There are 2 protein chains.
Amino acid sequence: MTNAVGGKSIPSHVTLADVARAAGVSVATASKALNGRAQVRESTRVKVQEAAAALAFTPNFFAQALNSPRTGTIGMVTSDLDNRFVLPILLGAEDAFGSGSLSVLLADARDDVLREHLHLQTLLTRRVDGLLIVGRTTNPRPPVALMADVPVVYVYAPSTDPADASFTPDNVQAGRLAAEHLIATGRTRIALVNGEVSYAAAQDRAAGVNQALQAAGLQLVGGRSLFGQWGEGWGRDCARLLVRGGEPVDAIIGGSDHIARGILDALRDERISVPDDVAVIGFDNWDLLVRESRPTLTSVDMSLEQLGRAAAQHLVDAIGGAPSPGVVAGPVRLVVRDSA
Amino acid sequence: MTNAVGGKSIPSHVTLADVARAAGVSVATASKALNGRAQVRESTRVKVQEAAAALAFTPNFFAQALNSPRTGTIGMVTSDLDNRFVLPILLGAEDAFGSGSLSVLLADARDDVLREHLHLQTLLTRRVDGLLIVGRTTNPRPPVALMADVPVVYVYAPSTDPADASFTPDNVQAGRLAAEHLIATGRTRIALVNGEVSYAAAQDRAAGVNQALQAAGLQLVGGRSLFGQWGEGWGRDCARLLVRGGEPVDAIIGGSDHIARGILDALRDERISVPDDVAVIGFDNWDLLVRESRPTLTSVDMSLEQLGRAAAQHLVDAIGGAPSPGVVAGPVRLVVRDSA
DNA sequence: CTGTTAGCGCGTTCAC
DNA sequence: GTGAACGCGCTAACAG
């Protein structure tokens with residue numbers, strides 16, 4: 001569209017010089033006019049703006065970035081993209097950034113330290129303004145080691161360094177909410193069929209449940225949380241044992257919706273009415289499992305999208321100089337359906 | 001680390017000039033040495049490389065990009081990040097790019113044409129080398145309208161323009177595989193409880209099933225595919241009606257694993273043995289649904305990660321000048337478990 | 001208010 | 001083989 005003679009190697013876009021020429025001013029003036037600098041007569045500003053619009057001028061991103069402290073890019077590093085929990089987080093984050101006209105460079109580390117380091121290098125080379133580190137679980141993780149001082153925010157998996165900014169769902173509160181709801185609706189013989197013992201999420205939810213029970217002068221059926229696996233098979237097996245066992249049970253908390261789903265199925269097999277005989281609650285409020293189960297499943301929503309948005313928002317603030325809030329426990333909420 | 005006097009606004013990194021100075025050569029020579037240009041004596045090349053390593057020199061990305069035809073960045077535009085089908089695709093793509101040292105700019109359009117256009121503008125401004133457009137369903141979508149000629153590859157949702165490069169799972173073949181497996185194992189009274197009629201995936205799977213049945217001189221129980229919803233409730237309702245209805249049934253294909261799961265549950269309620277009395281097959285091979293159902297569910301895997309990888313790989317090739325392959329139907333495979 | 005000059009970091013001529 | 005000089009597109013500092 002511009003260069004008449006030479007075959008430039010780069011498909012030469014409309015440049016600021018073109019705009020300046022068209023508007024009959026110098027490049028510097030054109031720059032000032034378009035960037036809203038003060039020292040430009042209004043009439044010339046308009047003239048330049050019109051010329052720019054007419055030529056469909058877009059400033060060259062790299063030329064701008066070359067000597068500007070900000071690039072308008074943030075890096076998002078996931079440990080495991082193939083994880084249903086990261087999706088809503090990504091969505092929330094992408095949303096928060098997108099509306100602030102920040103672009104997101106995505107990198108997946110495959111839960112591998114080496115890959116993570118490599119990707120971080122690449123991202124730093126591209127001079128990202130900030131980094132969002134998305135974990136695979138809520139287990140704390142060692143902080144990233146960077147040679148540059150770029151704001152870093154951890155989501156889902158918090159950093160082990162409490163001074164870092166971390167946003168992680170409040171699983172303790174989630175456990176508390178579940179137990180309190182059961183207690184409030186008159187249940188006293190409550191069991192907890194939990195997920196894998198190595199997961200902080202499982203531990204935290206158990207802690208919350210125990211807190212609520214103790215506050216009510218109760219304790220778990222069997223005395224403790226039953227750690228096992230995250231799947232429905234574990235939920236089925238435990239539920240069957242519980243209702244067939246000696247101790248009476250009037251409520252079972254599943255460590256996840258998936259586990260809870262197994263519990264529901266087992267109770268159904270055993271001809272035990274939910275919620276009349278036994279109430280059931282899950283965690284995650286995963287709609288696919290929760291809405292069409294029989295009965296529909298009461299569950300604690302971890303508000304992951306909101307978590308991602310909050311983390312992203314803080315990253316933006318941190319880029320602007322805001323101090324680290326430390327570890328932030330994202331709010332959760334109970335969604336009551338028919339099972340409890 | 002460099003500038004002694006002035007407080008530059010940009011945290012001045014190690015620059016090529018620093019390396020050159022340290023190595024006692026000119027900037028031009030340093031450049032050639034590091035970029036493997038021929039006209040450099042081996043000894044000086046080593047000298048420069050050592051200096052670069054010692055100073056931990058990293059070329060300024062923007063300076064390089066400023067007058068280079070490639071930026072080593074591709075744009076990935078999703079219609080709906082909050083979709084479990086896009087994850088494996090993203091993973092495959094990110095993987096294919098990452099290993100080729102391409103960075104990925106992610107943008108989510110929220111299934112909104114306007115947002116998509118905006119994001120595309122931004123991506124083009126950043127001079128991405130290519131675009132990967134990830135759809136929400138397999139329904140064909142109108143091609144993106146760009147003012148620049150950047151290679152574009154569509155994944156999952158193909159472009160309506162057959163000349164565009166599109167990678168979409170072969171749902172017809174998936175339907176065929178499911179039906180053929182049932183026929184091969186002696187089933188003749190086969191029903192298809194399908195998903196929403198507006199989905200190409202549902203239509204295509206039905207077409208594949210019908211092809212296989214016709215080839216065997218059979219037809220669906222009830223004469224046609226039962227379109228409805230994607231959830232398990234629909235699966236349960238249909239299964240109940242089917243087994244209670246007049247026509248005998250010895251196999252039910254669910255339009256998705258979710259539907260199939262509902263079918264399994266209903267058959268269990270009805271005390272119908274799977275697979276002895278009725279065989280069940282689903283689609284998607286979604287491990288969470290498939291591995292712990294009772295019995296475990298035979299399903300057709302859409303190989304989405306592979307699809308994403310193939311699309312990404314083609315985008316890389318297209319950037320290198322390779323011609324469009326048109327619409328590519330990604331391979332699928334049957335995973336046999338206990339239900340059929 | 002406007003234009004000239006300088007420089008960001010790098011790659012690439014083209015002389016030496 | 002090597003280095004000085006130029007340009008990529010833009011913004012900031014200084015003159016006019």
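No experiment lies behind these values; they were computed from the predicted model shown. Chain letters run A, B, ... following the sequence lines, proteins first and then strands; every chain starts at 1.
- In this structure, A:Arg21 atom CZ and C:dG3 atom C1' are separated by 16 Å, rounded to whole Å.
- The aromatic rings of B:Tyr156 and B:Phe85 sit parallel, their planes meeting at an angle under 30°, below the 60° perpendicular limit.
- Applying the 4.0 Å criterion to OP1 and OP2 of D:dT2, one finds that B:Gln39 has every side-chain N and O outside that range.
- One interatomic measurement links the two molecules: CG of A:Leu55 to P of D:dG9, which rounds to 14 Å at whole-angstrom precision.
- A salt bridge between A:Arg110 and A:Asp108 is present, with a side-chain N of the basic residue lying under 4.0 Å from a carboxylate O of the acidic one.
- An OP1 or OP2 oxygen of D:dT2 is reached within less than 4.0 angstrom by a side-chain nitrogen or oxygen of B:Thr44.
- Note on A:Asn35: a side-chain N or O is less than 4.0 Å away from OP1 or OP2 of D:dT11.
- Residue B:Phe61 is out of contact with every strand shown, counting any heavy-atom pair closer than 4.0 Å.
- Phosphate proximity of C:dC8 to B:Asn60: absent, as no side-chain N or O sits under 4.0 Å from OP1 or OP2.
- Contact annotation: A:Arg37 side-chain N/O to C:dT2 OP1/OP2 distance is not under 4.0 Å.
- At D:dC10, none of the side-chain N or O atoms of A:Ser31 fall inside 4.0 Å of OP1 or OP2 (strictly under the cut-off).
- A salt bridge does not link B:Glu50 with B:Lys47: every distance from a Lys NZ or Arg NE/NH1/NH2 to an Asp or Glu carboxylate oxygen is 4.0 Å or more.
- Taken to the nearest 0.5 Å, the CG atom of A:Asn60 stands 8.5 Å off from the NE2 atom of A:His13.
- Listed pair A:Arg41 / C:dT2 meets the phosphate criterion, a side-chain N or O lying under 4.0 Å from OP1 or OP2.
- Between A:Arg141 and A:Ser159 there is no side-chain heavy-atom pair separated by less than 4.5 Å.
- Taking for each of B:Gly24 and B:Ala63 the nucleotide of DNA chain D with the nearest heavy atom, the 5'-most of the two is the partner of B:Gly24.
- As a whole-Å value, the separation of A:Lys32 NZ from D:dC14 C1' is 10 Å.
- Rounded to whole Å, the distance from CG on B:Leu34 to C1' on C:dG11 is 12 Å.
- Here C:dC8 presents its P atom at 14 Å from CG of B:Leu66, a figure rounded to the nearest Å.
- Proximity of A:Ser26 to the phosphate of C:dT2: no side-chain N or O atom is located under 4.0 Å from OP1 or OP2.
- Here B:Gln64 does not reach the OP1 or OP2 of C:dG9: none of its side-chain N or O atoms lies under 4.0 Å away.
- Look at NE2 on B:His13: it is 16 Å from P on C:dC8, rounded to the nearest Å.
- Of the candidates C:dG3, D:dC8, C:dC8, C:dC8 carries the atom nearest the A:Asn67 side chain, counting heavy atoms from C-beta on.
- Between the CG atom of A:Leu16 and the P atom of D:dA12 there is a distance of 12 Å, rounded to whole Å.
- Within the nucleic acid shown, B:Val27 has no heavy atom closer than 4.0 Å to any nucleic acid atom.
- Look at A:Thr15 and you won't find any side-chain N or O under 4.0 angstrom from OP1 or OP2 of D:dC8.
- Using a distance-only test at 3.5 Å, with no hydrogens or angles considered, a donor-acceptor pair links the side chain of A:Thr125 to the main chain of A:Gln121.
- Remark: P of D:dC8 and CZ of A:Phe62 are 17 Å apart, rounded to the nearest angstrom.
- Of the side-chain N and O atoms in A:Arg45, none sit less than 4.0 angstrom from OP1 or OP2 of C:dC1.
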